[in-house]
Each structure stands twice: as structure tokens, then as C-alpha cells.
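This structure is a prediction, so every number in the text was calculated from the model and none was measured. Reminder, nothing fancy here: chain letters follow the sequence lines and each chain counts from 1.
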Protein chains: 2
Amino acid sequence: MQVSDKGDARQRLIDAALRTFGEHGFGGASTRAIARQAGANIAAIPYYFGSKEGLYRAVATHIADRITGRIGPVFAAASDRAGALSPDEAREALMRIADHFIAMMVGADEGALWARIIVREQFDPTEAFDILYERVMGPYYAALGDLLAVIFREPAESDRVKLRVFALIGQALIFRIAGAAIDRRMGWDGYTPERLDQVRAVVREHLAAVIGEGSAP
Amino acid sequence: MQVSDKGDARQRLIDAALRTFGEHGFGGASTRAIARQAGANIAAIPYYFGSKEGLYRAVATHIADRITGRIGPVFAAASDRAGALSPDEAREALMRIADHFIAMMVGADEGALWARIIVREQFDPTEAFDILYERVMGPYYAALGDLLAVIFREPAESDRVKLRVFALIGQALIFRIAGAAIDRRMGWDGYTPERLDQVRAVVREHLAAVIGEGSAP
DNA sequence: GTCTATAGTCGGATAGAC
DNA sequence: GTCTATCCGACTATAGAC
């Protein structure tokens, strides 16, 4: 990501900003708090990023980089030859993607931070939304649609297939978005590997019910 | 929406605060903007609500009231006698609730405002989360769990049933939470009655796949 | 109950030394 | 590149007139 090593205050600022923007939102996060957490000077923010908004955009780019690094390969393997897959192969690919998606967005601590920024951008899109949509959401929606199209034998660009993709993503993403409600309802205090297994099992089961069987692990 | 325009600055402030807190978050919303939008004086906020935070809590209570008014009756009808329902009756009740839930959270303009506050409270719970969980989320999760328990013949308080409830809610809620991504992917600019029908059809179809058939409209 | 005026605080950005 | 010092605007809350 960063090439120069003299400017690692820059990277520390992005990490601190990811946490702080995620926790308090853009308006609620102060550059003073971000700089303090990064062990950097307040003036370093206008210096490196031009403005608080520039820092926010840098955070979005960082998130896109990390997500691409984590699940980009899994998608690439499936979508490069989506048209040539059999329905059962497509089912298997979907299950594999679901597992990786849950591990990343729900299981990984990083995912909690990413989800907060991404959800905030859904409600009030800024330039950061463009970055995130172009680099990760859009391509992955398309890849998932290609797989569903094979399974349901419908056009990948049909509204029905596109909407199914969102519904399927929603049943997994809720476990990150509704964290506080889930903790209270389940008596949990965040995810453990065992709890994540329970979530994964339920999501897989619902996914299998929708796309049909023939998709055992 | 307005009952009286004299002396009801309090209600106008709540309405304006719902919009403004929803759009910009607690930190990003200024009492100046809220007061201006309400046609009230800034000093009316400390006067009526004690503080900006008091106004925020009043907004949460307002949301709970409105949600309870809209779908409370639908839940009450089903959950009063959930134990006595047949699986097919429980399926039917679930479908009916899903329709109302989508109409409220996805279809209604108000729902967009409520969702923003609720999601923000998930990420950073305050007293407002307690209000919303106790008054609406908790009871409705329990009612949905009772229905699923009948259908799957599993204990309503089992982790599996509780998690299934979240997954099923997630596939509907995503259509409100991921609004910007959906608009971009579908080429939409918000929901129309026709688009809402498409969403409802997909959610019903996935729901039917999970809970089993016997639940035609 | 509603207003104006203002106190007191904190925010982002800049200038300029080193 | 990193720092201190500072400007200036915006914020919440209060005091007190009417």
C-alpha cells in the first residue's frame, strides 16, 4: 500500500481513522482524536490528505484494498469461468464464497470496522461510496449474479437474479450489522469461533434451501 | 403529521430531529439545523428535552411508538396463540408478517429514517438502543422465534431458531440498509410500488424455500 | 413559552519554526 | 516531515428580557 517508509505516520493515520470514523461517523470523529490515536500531529492530516475528507477517502481506498486482498481470489476463481460451470459447480462455488464472506465480514475484527463505514456510506453516499462500489461491491454482485444465473437458468442481468443476490447477502450481513441486537438476544458478547460456526451453519442451511441441494461441504 | 401548529414545537422538533439525526448521525446533526427545520428556536431544545441527548432519546421513543402502532397488531394476532398454531398456520402468519415488515421498513418513507437510527444504534448502542430493543426488537424476535419453532418443531429458545430469525430478517432488511448499492446495481432511484413488489416476491420466495411450502399467497 | 444575546468549548485548517 | 501556536468558525447550553 505505502511505498515510502519515511511517511509511516500516513499509514498510522489511516488505521486510526478507520477505527475512529467507524466508531463515531465522519462528523463525530475529530481529527484531534484520530491524530492522538495515531501518535501523529494534527497538522499531519491536512499535510498528507489535504483535509479531513481526504483522509476519509483514503480510508475507503484502504478498505477496498483489504477486501480485494481477502476475497478477491475466491471470486476470481469462480467468476473467470462462471459461464462454463454446471449448476452443481456453481452451488459449490457459492457455498465456498459464503464461507469466506462470513469469515471476513462477520468473523474478522477488521470486518466490523469495514461494515460500519460501508453501511454509513449506504445511507449517505459520498465519494467513498464510489470507491467502494466500483472496486468491490459492483464486481462481486456481478460475480454472484453469474453463479445464480447458472443455478436458476435465468439471465444474470435480470432483476430477479440481482435481487436474489442482495437477499442472500443480507442474511449473512445482518450478523455484522445487527451486532448489538444479536448479542442481547443470544446472550453473547461478540463472536467466538464456536458462535461463528453456528452462524455459518444457519446461513449455509438457508442458502442451500434457496439454491437447492447438491451442495454438501 | 402535524396536529397543531401552536405550542407544539416539541413535536415538530422530534420530527425534524428524526430526519436530521437519521441523515447525519448524532454527532453530525447540529441542534441549529434541527431547530431551523422545525421552525423553532435553538433554546427550545434544552427547554423541552434537557439536552441534545434528551432529544435523541425522545426520537427513539417516537420510533418505538410508530413501529408498535404499525406492526404491533400483526404480531399480536399471531403470537397470542403461537403455541396452538399448526405448522401451516405458522407459515401463513410468517408470510403475512414478512409482507407487513417489508411494507413498513422498505416501502414506507418513514422506514428509511427509522432504519438509519436503528442501524446506528446497533453499531454504537446508547440509551436509545435500550428503548428500541425493549419495546420493539426483543418482543418481535421472540414472536418470530415462536412461529419458527412451530414450523421446525424445535425449541423456540434454541440458538438455531434464534439465529434463523436474524437470517430471515436480514434478507428483507438489506433492501433498506443497502439502499445506495441497490439503486446503483438495479438502476433505480428509490422504491416504487412496482419495485417493492419485485422485492417482496423475492423475499417471499426465499422465505418459502427455508420454511417449506404450503404458503402460497 | 419563545425569543435574543452571549458565554464557553471545541472543531478543522494554516503559518512558520526547526 | 513534524512540530507549536493560532485563527476563525461552529457548536451546545445558559441567562434573562418579554
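Rounded to whole angstrom, the span from the CD1 atom of B:I45 across to the P atom of C:dT2 amounts to 13 Å. When the P atom of D:dG1 is taken as reference, atom CG of A:L13 falls 13 Å away, rounded to whole Å. Atom CD in A:Q11 sits roughly 13 Å away from atom P in D:dT2 (whole-Å rounding). Across the protein-nucleic acid pair, B:E53 atom CD and D:dA13 atom P stand 7 Å apart, rounded to whole Å. Summarising the geometry, the separation between NE2 on A:H24 and C1' on C:dG11 is reported as 15 Å, rounded to the nearest angstrom. To the nearest angstrom, C1' of C:dG1 lies 16 Å from CD1 of B:I42. The OH-C1' distance, from A:Y48 to C:dA13, rounds to 17 Å in whole Å. Straight-line distance from the NZ atom of B:K52 to the P atom of D:dC11: 9 Å, rounded to whole Å.
When all heavy atoms are compared, the tightest approach of A:L196 to A:G107 is CD2-CA, 3.6 Å. In plain terms, the two heavy atoms of B:I117 and B:G22 that are nearest each other are CD1-N, 3.8 Å.
At distances below 3.5 Å, at least one donor-acceptor pair connects side-chain atoms of B:R195 with backbone N or O atoms of B:G190.
Listed nucleotides: C:dT2, D:dA13, C:dG12. Nearest to the side chain of B:P46: D:dA13. Considering only the side chain of A:S30, C:dG11 comes nearest among C:dG1, D:dT14, C:dG11. With distances taken from any side-chain atom of A:N41 to the nucleotides C:dT4, D:dT4, D:dG1, the minimum falls on D:dT4. Checked against D:dA13, D:dT2, C:dG12, the side chain of B:S51 finds its nearest nucleotide in D:dA13.
The aromatic ring centroids of A:Y140 and A:F101 lie 6.0 Å or more from each other.
A sub-4.0 Å separation between OP1 or OP2 of D:dT14 and a side-chain N or O of B:Y47 is absent.
Of the charged side-chain nitrogens involved, none lies within less than 4.0 Å of a carboxylate oxygen, so that A:R12 and A:D15 do not count as a salt-bridged pair.
Checking A:A43 against A:R32, the closest nucleotide of DNA chain D that is more toward the 5' end is the one next to A:A43.
In this structure, B:A29 reaches the sugar-phosphate backbone alone: every heavy-atom distance under 4.0 Å involves primed, P, OP1 or OP2 atoms, never a base.
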